[in-house]
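Source: prediction; values computed, not measured. Side-chain atoms are counted along with the backbone in the values below, which use heavy atoms only and exclude waters and symmetry mates. Nothing fancy with the numbering, it's 1 onward along the sequence.
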Amino acid sequence: MADYGQQRAPIAQALQNFKEMRVVPFDVPGHKRGKGNPELTQFLGRQCMEMDVNSMKPLDNLGHPVSVIREAEELAAAAFGAHHAFFIVNGTTAAVQNMVFHCCSRGDKIILPRNVHKSVISALILCGGVPVYVDTPIHPTLQIALGMPVEGVRRAIAAHPDAKAVLVNNPSYYGICSDLPAIKKLTHAAGMYLLADEAHGTHLYFGDGLPPSAMSVGADLAAVSMHKSGGSLTQSSFLLCGKRIDPESLRQTVNLTQTTSASYLLLASLDLSRKNLALHGKEIFRHVTEMAQYARDEINQIGTYYAYGAELVDGMDVAGFDVTKLAVCTSGTGLSGIEVYDLLRDEYDIQIEFGDTANILAYISVGDRQQELERLVGALSEISRRFRRPPETLPPYPMPEAVLRCSPQEAFYAAKESLPLEACVGKICCEMVMSYPPGIPILAPGEEVTEEAVDYIRFAGERGCFLSGTHDPEVRRLQVLTHREE
């Protein structure tokens, strides 16, 4: 990768220059560089509070950048191989939603896999878009969705030639990648946009031997969650666009939802993290890959877990696998992933990313050390020895298929009633039901409540999964349409 001046961090430098000017603040924020809130300053540190400032001429403005933020955007675009890059401080949720908003308005169709993040469904509720789901196969042992089938995309495009875009997860939470180059070819041939949710794929742009990134294959838009594997502060992300997207038109869309009080702490963290990855990314993710592989090998030697990796790649359902991911199937222990998740935290003081009905995910990054991985492996070995049950006590529970009956927007804003779960079968759901993380809805607004969905909700709850998104915090009731004219 060419340098393109990647050693610069213009936002961070502008903040440092501003600090040295000793400007007297008669603007917001009201803590006035920390002096107005000593307890918070002591908690966060004076450097942090002094950098928490308002937009002004020397620091540029995120909504209409003309100087240091514009330069930082250009550096980020060069680092990621994009036509342009937008700094997003509302989380990757906002980046994903802006991809959808830019391509879809009310009634427009978008082709996507069912295992999308809730942010995609939220975007459809807000803009009125209509999802066209492509069925993704489920791995029979791991109980996870595999890649978005190319043939499924081909059929969806043929059946819905008026769709505006195709959205792909790259990679999924578990590291599964679809055949992005083939999907891009189909999408562009049909005159549609290709959108990539790369919330878990920042490192694809910098590591060697990893699946291809969205921008490298010619996708039109990609939401990249820098705070996950890129090292920036939580809630900071990039929205990347390809050559078929007019950046200034996209900026108009972004400014509809982006805060007008952008945090310079988040902006600077993106700027400095981009610099770090551009200059050292290959070395960083080579180390991460080696650590993840070491942990996989050690965990698989325990005998009751399956830490899966590149052997899943078959060129069809799994076109690629992100080997930095440490995803582990727990079914061989007779324990659900959420049970292992809880045991690791409660018994061993180890916090992993998440657990589901059959898997756990430990997020490996450059901040991890060998001894910490050894502690994780040792804890998993002890859990298997102390708590395992016969594997047959854990029945297979794949995610239920979605049956779309109306648009998410129509269902969300319709007249609704709250009914017990068992009374909702056959009715249209008006809210999201999901386990977070990973934030993939079990039911979404506009979908029929099936017996399979109710069974899955109960099973996930019994296994200790954190269910959310519903009006009823205990998820014993759902909001459904009261009546709908066909």
Side-chain angles (χ1 to χ4, degrees), residues 80-81 92 96 113 115-117 136-137 139 142-149 167-184 195-217 219 222-231 237-238 240 277 281-297 299-300 306-329 337 352-356 359-368 373 376 437-440:
F80 284 86
T92 312
V96 169
N115 62 321
V116 292
H117 187 261
T136 51
H139 193 284
L142 307 179
Q143 300 178 32
I144 63 173
L146 300 178
M148 192 177 184
L167 185 144
V168 184
N169 298 319
N170 191 54
S172 74
Y173 215 158
Y174 303 90
I176 304 294
C177 291
S178 304
D179 190 344
L180 205 58
I183 294 174
K184 175 258 182 180
L195 319 181
D197 180 351
E198 291 188 314
H200 301 279
T202 301
H203 46 285
L204 302 185
Y205 289 86
F206 303 97
D208 287 327
L210 298 176
S213 66
M215 289 295 107
S216 72
V217 305
V224 177
S225 194
M226 276 289 282
H227 70 89
K228 290 187 172 70
S229 61
S237 298
F238 284 125
L240 309 176
L277 294 187
K282 286 190 176 183
E283 177 185 349
I284 288 171
F285 294 117
R286 184 183 304 115
H287 179 54
V288 170
T289 299
E290 290 171 354
M291 288 193 297
Q293 188 58 51
Y294 165 79
R296 264 193 296 274
D297 292 341
I299 291 169
N300 284 332
Y306 174 32
Y308 39 97
E311 72 279 357
L312 293 182
V313 176
D314 59 8
M316 296 176 60
D317 293 339
V318 184
F321 186 83
D322 174 9
V323 292
T324 70
K325 295 287 188 296
L326 181 57
V328 183
C329 180
I352 58 172
E353 176 69 8
F354 86 103
D356 64 16
N359 302 270
I360 59 171
L361 177 67
Y363 222 97
I364 309 299
S365 75
V366 69
D368 290 304
L373 289 174
L376 173 63
I440 298 168

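- Side-chain atoms of L210 and Y205, non-hydrogen and from C-beta on, never get closer than 4.5 Å to each other.
- Residues D356 and Y174 bring a donor and an acceptor atom of their side chains to less than 3.5 Å of each other.
- Among the candidates N300, V328, I299, the single residue satisfying the side-chain contact (heavy atoms from CB on, under 4.5 Å) test with Y306 is N300.
- To the nearest 0.5 Å, atoms CD (Q143) and SG (C329) are separated by 7.0 Å.
- For the pair I364 and L373, the minimum side-chain heavy-atom distance is below 4.5 Å.
- In terms of the side-chain hydrogen bond (donor to acceptor under 3.5 Å, both in side chains) criterion, K184 has no residue partners (sequence neighbours excluded).
- Donor-acceptor pairing under 3.5 Å is lacking for the side chains of D368 and Y363.
- Looking only at distances, a side-chain donor or acceptor of N170 sits under 3.5 Å from a matching main-chain atom of P212.
- Using modelled atom types, no side-chain atom of T202 and backbone atom of S229 make a donor-acceptor pair closer than 3.5 Å.
- We find the OG1-CG distance between T92 and D197 to be 8.0 Å, quoted to the nearest 0.5 Å.
- Pairing each heavy atom of F206 with each of L277, the nearest pair is CD2-O, 3.5 Å.
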Task: Residue pair V168, L195: steps toward the side chain to side chain contact (heavy atoms under 4.5 Å, CB included) verdict - done: CA-CA 6 Å; V168 184; L195 319 181; over 6 Å; no
TODO: Show the numbers, then the answer: is there a side chain to side chain contact (heavy atoms under 4.5 Å, CB included) between H117 and V96?
DONE: CA-CA 9 Å; H117 187 261; V96 169; over 6 Å; no
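- Applying the side-chain hydrogen bond (donor to acceptor under 3.5 Å, both in side chains) test to S172 and every residue at least two apart in sequence or in another chain returns nothing.
- No side-chain heavy atom of P171 sits less than 4.5 Å from a side-chain heavy atom of I176.
- For the pair E283 (side chain) and G281 (backbone), a donor-acceptor distance under 3.5 Å is absent.
- Going from atom CG of L312 over to atom CD1 of I144 covers 7.0 Å, rounded to the nearest 0.5 Å.
- Below 30°, between 30° and 60°, or above 60°: for F285 and H203 the angle between ring planes is between 30° and 60°, a tilted geometry.
- E198 places no side-chain N or O within donor-acceptor distance of the main-chain N or O of S213, the cut-off being under 3.5 Å.
- V116 approaches P113 most closely through the heavy-atom pair CG1-O, 3.0 Å.
- Here the CZ atom belonging to F354 is positioned 6.5 Å from the CG atom belonging to N359, to the nearest 0.5 angstrom.
- Scanning all heavy atoms of the two residues, the minimum distance from G81 to M215 falls at O-CB, 3.7 Å.
- Using a 4.5 Å cut-off on side-chain heavy atoms (C-beta onward), F321 and C177 make no contact.
- A search for salt bridge (charged side-chain N to carboxylate O under 4.0 Å, His left out) contacts involving D322 returns K325, not counting sequence neighbours.
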- [ ] Could you walk me through whether R286 and E290 pass the side chain to side chain contact (heavy atoms under 4.5 Å, CB included) test, one step at a time?
- [x] CA-CA 6 Å; R286 184 183 304 115; E290 290 171 354; 3.8 Å; yes
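- Here the shortest heavy-atom pairing between L142 and H139 reads N-ND1, 3.1 Å.
- The backbone N or O of M148 sits less than 3.5 Å from a side-chain atom of S178, completing a donor-acceptor pair.
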- [ ] Before giving the answer on side chain to side chain contact (heavy atoms under 4.5 Å, CB included), spell out for L376 and I352 the whole-Å C-alpha distance, their side-chain angles and the decisive distance to 0.1 Å.
- [x] CA-CA 9 Å; L376 173 63; I352 58 172; 4.3 Å; yes
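- The shortest heavy-atom contact between G147 and P137 is O-CD, 3.6 Å.
- A distance-only check finds a donor-acceptor pair linking the side chain of R296 to the backbone of V323 [under 3.5 Å].
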